[in-house]
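Numbering starts at 1 and runs along the sequence shown. Remember, it's 1-based here, ligands and their atoms both numbered in the order they're listed.
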Amino acid sequence: MVLRNMVIIDEDKCDGCGLCISACAEGAIKLIDGKAKLVSETYCDGLGACLGHCPQDAITVEHCECAEFDEKAVAINGDIIKTETVRAV
Ligand code: SF4
């Protein structure tokens, strides 16, 4: 665990529009049961590229103790997402 910035999603504000998902280059956010959720702390670089895309102001960046950002895990996750997309076509 390390002290760093992390995206926090307020589920009460989230309406499930999905705009933050495409805004996240790391694939860290998924819609689960109609709400945006951080899939893994290791996928979030904490830069908050998704913040400006949320019309509900449901996303904040907070400094907290959490798992370290893991670029290798992001790359593996990206390959999984690409594979899922190919299968869905
Ligand atoms: S952009 Fe905001 S309201 Fe839309 S899914 Fe993401 S967190 Fe929820």
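Considering only non-hydrogen protein atoms, atom 3 (S) of ligand 1 sits nearest to Asp15 OD1, 3.3 Å. Among all protein heavy atoms, the one lying closest to atom 4 (Fe) of ligand 1 is Cys17 SG, 2.3 Å. Residue, atom and distance of the protein heavy atom nearest to atom 2 (Fe) of ligand 1 are Cys54 SG, 2.3 Å.
At a threshold of 4.5 Å between non-hydrogen side-chain atoms, the residues Asn77 and Val39 do not count as touching. The side-chain heavy atoms of Leu31 and Ile21, taken from C-beta on, include a pair separated by under 4.5 Å. Cys14 places none of its side-chain heavy atoms less than 4.5 Å from the side chain of Gln56. Taking the side chain as every heavy atom from C-beta outward, Lys37 and Ile9 never approach each other to under 4.5 Å.
Smallest separation of non-hydrogen atoms from Ala73 and Thr42: CB-OG1, 4.2 Å. Across Val74 and Phe69, no two heavy atoms sit closer than the pair CG2-CE1, 3.6 Å.
Short contacts between ligand 1 and Ile59, defined as distances under 4.0 Å to a heavy atom of the residue, involve ligand atoms 7 (S). Of all the atoms in ligand 1, the ones that sit under 4.0 Å from a non-hydrogen atom of Gly18 are 4 (Fe), 5 (S). Atoms of ligand 1 found under 4.0 Å from any heavy atom of Ala36 (numbered from 1 in listed order, with element): 5 (S), 6 (Fe), 7 (S), 8 (Fe). The atoms of ligand 1 that sit less than 4.0 Å from any heavy atom of Gln56 are 3 (S).
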*Apply the test side-chain contact (heavy atoms from CB on, under 4.5 Å) to residues Cys44 and Glu26: give CA-CA distance (whole Å), side-chain angles for both, the deciding distance (0.1 Å), then the verdict.*
CA-CA 7 Å; Cys44 178; Glu26 287 74 26; over 6 Å; no
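At least one N/O/S atom of Cys20, from backbone or side chain, sits under 2.8 Å from atom 6 (Fe) of ligand 1. Among the atoms of Cys14, no N, O or S atom is found under 2.8 Å from atom 4 (Fe) of ligand 1.
Residue Ile21 does not touch ligand 1, judged by heavy-atom distances below 4.0 Å.
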